[in-house]
Student: 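Sending over a structure as structure tokens; questions will come in a sec.
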Amino acid sequence: RKEVEQDPGPFNVPEGATVAFNCTYSNSASQSFFWYRQDCRKEPKLLMSVYSSGNEDGRFTAQLNRASQYISLLIRDSKLSDSATYLCVVSRNNAGNMLTFGGGTRLMVKP
Amino acid sequence: ETGVTQTPRHLVMGMTNKKSLKCEQHLGHNAMYWYKQSAKKPLELMFVYSLEERVENNSVPSRFSPECPNSSHLFLHLHTLQPEDSALYLCASSQVGGRSGELFFGEGSRLTVL
């Protein structure tokens with residue numbers, strides 16, 4: 001079983017749609033959780049951290065369910081510029097220097 | 001000037017060549033990383049230098065050899081590679097103990113092994 005699993009997609013949605021991605025992780029001792037974004041032929045960049053109580057950053061909402069070892073990302077009012085691959089990332093320690101990346105979910109927002 | 005710079009951006013090498021990838025970070029971070037990104041596979045952590053301690057992934061073949069002369073520079077020495085080693089090699093840095101988990105990546109070195 002992969003340490004971090006994501007549906008690779010692609011998710012094709014129209015502009016303005018709401019879309020949700022899910023991610024599961026296998027190591028129950030995982031400490032920290034993140035979503036990164038990777039544009040085509042670019043390097044990954046941090047989108048947002050994921051906190052136990054859930055957190056929101058503008059149109060983006062992240063949720064964590066430790067009991068089910070499940071992380072989600074919700075994007076509201078999708079923009080064309082949201083088209084990218086979204087990477088679920090899990091840290092094995094508190095120091096945050098041992099990150100495991102999921103394979104990513106590709107999102108394509110159409111006009 | 002970008003925070004993490006990698007050279008070369010593209011490299012083509014034969015299986016008997018020896019080459020090196022270079023990474024430099026200008027962010028004052030205390031940890032540096034090498035990741036491998038192959039098509040249709042997740043990013044794989046290869047090596048970490050964190051708080052001056054090297055942590056490595058035991059599944060990395062010995063034909064890859066990292067070197068970290070100081071906290072700002074990181075090298076990946078390549079020797080007798082195989083065609084399956086063709087991939088994008090990403091360097092990253094972070095501040096351990098800071099905003100945990102925020103890695104800053106370079107643009108990558110795309111390696112092709114013939």
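These figures come from a predicted structure and were not determined experimentally. Quick note: numbers below take in every heavy atom, side chains included, and nothing from hydrogens, waters or symmetry partners.
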Student: Side-chain heavy atoms under 4.5 angstrom apart, residues restricted to Ile, Leu, Val, Met, Phe, Trp, Tyr: same cluster for B:V60 and B:L76?
Tutor: yes
Student: Should the heavy atoms of other residues, nucleotides or ligands under 6.0 Å from CZ of A:R37 be counted, would the total exceed 12?
Tutor: yes
Student: Identify which part of A:Q6 has an atom lying under 4.5 Å from any heavy atom of chain B, answering side chain, backbone, both or neither.
Tutor: neither
Student: With heavy-atom distances below 4.5 Å as the criterion, would you say the side chains of A:L46 and B:L103 are in contact?
Tutor: no
Student: Of the backbone (N, CA, C, O) and the side chain (C-beta and beyond), which part of B:Y35 lies under 4.5 Å from a heavy atom of chain A, both, or neither?
Tutor: side chain
Student: Got B:L90 and A:P44 here, is their nearest side-chain heavy-atom distance under 4.5 Å?
Tutor: yes
Student: Are A:F21 and A:L64 connected into the same hydrophobic cluster when the rule is that any two of I, L, V, M, F, W, Y join if their side-chain heavy atoms are below 4.5 Å apart?
Tutor: yes
Student: A:L74, A:V89: one ILVMFWY side-chain cluster at the under-4.5 Å cut-off?
Tutor: no
Student: So for B:Q37, is it side chain, backbone, both, or neither that comes closer than 4.5 Å to the heavy atoms of chain A?
Tutor: side chain
Student: Nearest 0.5 angstrom please: A:K45 NZ to B:F104 CZ, how far?
Tutor: 10.0 Å
Student: Which is it for A:R41 and B:R110 under the side-chain contact (heavy atoms from CB on, under 4.5 Å) test, yes or no, and what are the steps along the way?
Tutor: CA-CA 10 Å; A:R41 297 194 169 277; B:R110 185 161 295 280; 4.2 Å; yes
Student: Which atoms of B:L45 are under 4.5 Å from chain A, going by heavy atoms: the side chain, the backbone, both sets, or neither?
Tutor: side chain
Student: Hydrophobic clustering (ILVMFWY, side-chain heavy atoms < 4.5 Å, transitive) - are B:F75 and B:L81 grouped together?
Tutor: no
Student: Give the cluster check for B:L111 versus B:V4: same hydrophobic cluster or not, with ILVMFWY residues linked at side-chain heavy-atom distances below 4.5 Å.
Tutor: no
